Novice: 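Mind looking over this structure? Questions follow.
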Amino acid sequence: MDINKIKSIIEGIVFAAGRPVLKNELVLSLELPEEDIENVVASMQEEYKNQDRGIELVKIDNSYQLCTKKELYEYIYPVLDKRNKPNLSNAALETLSIIAYNPKITRAEIESIRGVSADACVYKLLEYGLIEEAGKIDLPGKPMSYKTTSDFLRMFGYSSLEDLPELPRYKLDENQQIVIEDLVEKEDINKEEPIPERDEGEENKIEEINKKEN
């Protein structure tokens, strides 16, 4: 099958679906190997980027979806939704980060990390569709656990949770406080600023001043 025809079919499928389309669904529809689908999609992504299009083909876990570029949000949002622009507080973002780095975490564990109640933040993140219930944990009381959604990945521009930035390494002291020094390379801590060298002309001037004063 012609490569342009394949691109046309993939574009039509993901556009009509209006949701993330599994890679396996494209494999079954086009009857092509998974590797071929990946190569064609990568080519399409590059074309969307180079042609400065208003849409992009994003990878979300093991699926693909057509999305508008985030740079165009301020122009698109007023047309499609008249509600106030949703904003996440620092507390909500902190809670979202904890869940992203700790899939299937319970509300009690979130509160243990943050030190404050997480009820309002969890409710807001559920409302925005950034997190979802991940099943009950086999602990006393059978608490519900939470994980991030594909909407979270799409909104923050990640293909999977493996793309999240690596957290800095640290250790706790006897008071269970983070030892800040361990976040910095030892060589950076002990590194001293070099002393600038004096040129000969400057040294001669200093000697002349000292002779006059004496």
Side-chain angles (χ1 to χ4, degrees), residues 1-88 92-93 95-105 121-136 144-166:
M1 189 184 299
D2 179 68
I3 183 67
N4 290 324
K5 180 65 174 179
I6 296 174
K7 290 180 180 179
S8 177
I9 294 173
I10 292 177
E11 184 177 57
I13 291 174
V14 293
F15 175 79
R19 61 166 174 80
V21 177
L22 291 172
K23 188 190 304 180
N24 188 51
E25 292 179 298
L26 296 177
V27 169
L28 293 175
S29 176
L30 290 159
E31 298 182 350
L32 290 173
E34 184 175 305
E35 184 178 355
D36 289 353
I37 295 294
E38 292 175 346
N39 291 335
V40 172
V41 168
S43 176
M44 293 174 66
Q45 290 174 320
E46 196 64 25
E47 289 176 1
Y48 283 129
K49 180 180 178 181
N50 293 336
Q51 294 174 9
D52 198 22
R53 302 277 294 277
I55 56 176
E56 58 184 343
L57 187 57
V58 299
K59 184 177 185 296
I60 305 170
D61 284 332
N62 201 36
S63 61
Y64 302 103
Q65 185 172 12
L66 270 181
C67 301
T68 55
K69 291 185 176 179
K70 56 182 177 294
E71 303 93 276
L72 306 178
Y73 178 83
E74 61 178 301
Y75 304 102
I76 298 171
Y77 190 83
V79 176
L80 299 182
D81 199 331
K82 301 299 182 181
R83 296 173 300 177
N84 292 329
K85 179 179 177 181
N87 289 311
L88 291 177
L93 286 172
T95 302
L96 182 59
S97 299
I98 292 172
I99 297 173
Y101 281 100
N102 301 275
K104 291 196 172 184
I105 189 172
C121 293
V122 169
Y123 176 79
K124 184 61 66 176
L125 295 173
L126 285 169
E127 181 184 358
Y128 285 157
L130 296 175
I131 65 171
E132 62 185 357
E133 294 180 347
K136 294 184 178 181
M144 181 61 69
S145 63
Y146 300 92
K147 64 179 181 179
T148 53
T149 65
S150 58
D151 285 342
F152 161 77
L153 294 174
R154 183 170 59 251
M155 181 176 292
F156 288 88
Y158 296 117
S159 296
S160 71
L161 293 179
E162 295 178 358
D163 296 335
L164 291 173
E166 185 178 351

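Counting begins at 1 with the first residue of the sequence. Treat the numbers as computed from the prediction; the structure is a model and nothing was measured.
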Novice: Could you go through the side chain to side chain contact (heavy atoms under 4.5 Å, CB included) check for Asp61 and Leu161 one step at a time?
Specialist: CA-CA 8 Å; Asp61 284 332; Leu161 293 179; 5.9 Å; no

Novice: State which residues pass salt bridge (Lys or Arg N to Asp or Glu O under 4.0 Å) with Glu132; sequence neighbours excluded, sorted by chain then number.
Specialist: Lys147

Novice: Mind checking what makes salt bridge (Lys or Arg N to Asp or Glu O under 4.0 Å) contact with Glu47, not counting sequence neighbours?
Specialist: Lys7

Novice: Counting only heavy atoms from other residues, nucleotides and ligands, does the tally under 6.0 Å from CZ of Phe156 exceed 12?
Specialist: yes

Novice: Using the test side chain to side chain donor-acceptor pair (under 3.5 Å), find all partners of Tyr146 that sit at least two apart in sequence or belong to another chain.
Specialist: Arg107

Novice: State which residues pass side-chain contact (heavy atoms from CB on, under 4.5 Å) with Ile9; sequence neighbours excluded, sorted by chain then number.
Specialist: Met1, Lys5, Ile13, Leu30

Novice: If a pair satisfies salt bridge (Lys or Arg N to Asp or Glu O under 4.0 Å) and one of its residues is in residues 151-162, list it, with sequence neighbours excluded.
Specialist: Asp151-Arg154

Novice: Could you tell me whether the side chains of Glu11 and Tyr48 share a donor-acceptor contact shorter than 3.5 Å?
Specialist: yes

Novice: Could you list the residues that satisfy side chain to side chain donor-acceptor pair (under 3.5 Å) with Glu133, not counting sequence neighbours?
Specialist: none

Novice: In chain order, what residues pass the ring pair (Phe, Tyr, Trp, His ring centres under 6.0 Å) check against Phe15, with sequence neighbours excluded?
Specialist: none

Novice: Counting N and O atoms only, with roles assigned by atom type, does the side chain of Thr149 sit under 3.5 Å from a partner on the main chain of Gly129, one being a donor and the other an acceptor?
Specialist: yes

Novice: Name all pairs fulfilling the side chain to side chain donor-acceptor pair (under 3.5 Å) condition that reach into residues 49-58, sequence neighbours left out, sorted by first residue then second.
Specialist: Gln51-Arg53

Novice: Under the side chain to side chain donor-acceptor pair (under 3.5 Å) rule, collect the residues that match up with Tyr158, sequence neighbours excluded.
Specialist: none

Novice: Quick one: list whatever passes side chain to side chain donor-acceptor pair (under 3.5 Å) with Lys124, sequence neighbours left out.
Specialist: Glu127

Novice: Can you pull the salt bridge (Lys or Arg N to Asp or Glu O under 4.0 Å) pairs that have at least one residue in residues 27-45, sequence neighbours excluded?
Specialist: Lys23-Glu34, Lys23-Glu38

